[in-house]
Amino acid sequence: MTFALSSVQMAAFAVAAFCTLVLPVALLIALGALKKIRLAPLALGFASFFVSQMVLRIPLLQLLTAAGALNAFAANTVLYAVVVGGLSAGLFEETARLAGAAILKNYRTWKDMVSFGLGHGLCEVMLVMGMAYLNNLLLAAALADPAGPLGLLLAGLDSAALQQLTAQLAAIGPGLAALALLERVSAVLFHLFATSLVFTAVIRRQPGWYLAAIAAHTLFNAVAVLLSGAGLVATELALLTLGLCGGGYVLAARRKWPT
């Protein structure tokens, strides 16, 4: 019995991994060389996502889920989408942005804000989607050549488990990978928008902007869940619309950026 995936499937994984791991780095290097971004806010943007999500929120949600503390939310799709999927992400990520903006006392220009937002957004792209598709690519390569060096990734899996793994990877077709890439574009645009709101809150010393960022984050994340019944294409188009609106706001805000 063979468990190898098609060449089209392998190519989809490779392209998705390239677009979410290599391209973000190349983009940042190019923007840095052109002096369109600054290193300090960029690095703090990366740190803000990593700490707020990978260190704090995700492990906390995993603990609460294991303890059954989120069962009441899980039973109600709308409540789960708004509170767990949206509000919790908004509270953690926007608070991390707030802390970063407060630390960056000498980095408050529009360029600094964009640098921070790109750091935050691209960190998510690389750690969440990039590593997932790299993992998919390595597993697919291992399935194609179980006797090769990557075959160690399949150690301990029997025929039934290998068949299940193959089916799971095969379900992630090129179309799904393309929609996932589109979603990451929407997310990065949103992160730039949310960063602009939080930086404005710090610069103007008006907490209402920070609260608006949390509300916007709640809405953006909740939409991804609440529209799932309409299909992936409709959901991703809705998120892209929100992302483009946020990106347009960021560009428009440049002319009136508070100093």
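The analysis underlying the following values was restricted to heavy atoms, covering all of them including side chains, and did not include hydrogens, waters or symmetry mates. Small disclaimer: the values here were computed from a predicted structure and weren't measured.
- Proximity of a side-chain donor or acceptor of Asn136 to a complementary backbone N or O of Phe13 within less than 3.5 Å is not detected.
- Both Leu244 and Leu182 are part of a single hydrophobic cluster, where members link through side-chain heavy atoms under 4.5 Å apart.
- Residues Thr20 and Arg184 bring no donor and acceptor atom of their side chains to less than 3.5 Å of each other.
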Take Ser52 and Arg57, measure what side chain to side chain donor-acceptor pair (under 3.5 Å) needs, and give me the verdict at the end.
CA-CA 6 Å; Ser52 64; Arg57 178 176 176 265; over 6 Å; no

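- Ring geometry, Phe116 versus His120: the interplanar angle falls under 30°, so the pair is classed parallel (tilted spans 30 to 60°).
- Annotation for Arg254: atom CZ does not count as buried by contact number, only 12 or fewer foreign heavy atoms lying within 6.0 Å.
- When all heavy atoms of Leu44 and Gly100 are compared, the closest pair comes out as CD2-O, 3.5 Å.
- Here the side chains of Thr200 and Gln206 are not in contact, with every heavy-atom distance at 4.5 Å or above.
- A donor-acceptor pair is defined here as one N or O able to donate and one able to accept, closer than 3.5 Å; no such pair exists between the side chain of Lys36 and the backbone of Leu28.
- Between atom CD of residue Glu94 and atom OG of residue Ser48 there is a gap of 9.0 Å, rounded to the nearest 0.5 Å.
- Counted by atom type alone, Ser115 and Asp112 present zero donor-acceptor pairs between their side chains at under 3.5 Å.
- Here the closest heavy-atom approach between residue Ala16 and residue Leu181 is recorded as O-CD2, 4.2 Å.
- Checking side-chain atoms of Thr235 against main-chain N and O of Ala224 turns up no donor-acceptor pair under 3.5 Å.
- In this structure, Phe190 is not a member of the same hydrophobic cluster as Val82, with clusters built from ILVMFWY side-chain heavy atoms closer than 4.5 Å.
- In summary, the aromatic rings of Phe193 and Tyr249 are positioned with their centroids under 6.0 Å apart.
- Taken together through direct or relayed side-chain contacts under 4.5 Å among Ile, Leu, Val, Met, Phe, Trp and Tyr, Leu31 and Trp110 form part of one hydrophobic cluster.
- The aromatic rings of Phe199 and Trp257 sit tilted, their planes meeting at an angle between 30° and 60°.
- Across every non-hydrogen atom of Val8 and Pro174, the tightest pair is CG1-CG, 3.7 Å.
- The side-chain heavy atoms of Leu64 and Leu60, taken from C-beta on, include a pair separated by under 4.5 Å.
- Arg97 and Thr195 share a side-chain donor-acceptor pair at under 3.5 Å.
- Across all non-hydrogen atoms, the minimal contact from Ala213 to Val198 is CB-CG2, 3.7 Å.
- Both Phe50 and Val128 sit in one connected hydrophobic cluster of ILVMFWY residues. Membership requires side-chain heavy atoms under 4.5 Å apart, directly or through other members.
- Atom OG1 of Thr65 and atom CD1 of Ile58 lie 11.5 Å apart (nearest 0.5 Å).
- Atom CG of Leu91 is separated from atom CG of Leu98 by 11.5 Å, given to the nearest 0.5 angstrom.
- Between Glu93 and His191 the shortest side-chain heavy-atom distance falls below 4.5 Å.
- Within the 4.5 Å cutoff, the side chain of Tyr133 has no heavy atoms near those of the Leu21 side chain.
- Under a hydrophobic clustering in which Ile, Leu, Val, Met, Phe, Trp and Tyr are joined whenever their side-chain heavy atoms come within less than 4.5 Å, directly or via other members, Leu226 and Leu240 fall into different clusters.
- Once rounded to the nearest 0.5 Å, the distance linking CD1 of Ile37 with CD1 of Ile29 reads 9.5 Å.
- Here the straight-line distance linking atom CD1 of Ile214 with atom CG of Leu219 works out to 14.0 Å at 0.5 Å rounding.
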Please assess Leu150 against Asp145 for the test side chain to side chain contact (heavy atoms under 4.5 Å, CB included), listing each intermediate value before the final yes or no.
CA-CA 8 Å; Leu150 292 177; Asp145 184 18; over 6 Å; no

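- Distance alone, capped at 3.5 Å, places no donor-acceptor pair between the Thr95 side chain and the Phe92 backbone.
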Side chain to side chain contact (heavy atoms under 4.5 Å, CB included) between Leu239 and Glu236, worked out:
CA-CA 5 Å; Leu239 292 176; Glu236 297 308 331; 3.8 Å; yes

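- Between the side chain of Arg108 and the backbone N or O of Leu104, at least one donor-acceptor pair lies under 3.5 Å.
- Residues Gly243 and Leu189 approach most closely at O-CB, 3.3 Å, considering heavy atoms.
- Side chains of Met126 and Phe46 form a contact here, defined as non-hydrogen atoms less than 4.5 Å apart.
- Across all their heavy atoms, Leu169 and Ala140 have their closest contact at CD1-N, 4.1 Å.
- Rounded to the nearest 0.5 angstrom, Leu192 CG and Leu118 CG are separated by 5.0 Å.
- Judged by distance alone, the side chain of Asn76 and the main-chain N or O of Phe73 form no donor-acceptor pair under 3.5 Å.
- Leu162 places a side-chain heavy atom less than 4.5 Å from the side chain of Leu154.
- There is no side-chain donor-acceptor pair under 3.5 Å between Gln53 and Glu124.
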Walk me through it: do Ser186 and Phe220 pass the test side chain to side chain contact (heavy atoms under 4.5 Å, CB included)?
CA-CA 10 Å; Ser186 305; Phe220 187 85; 4.2 Å; yes

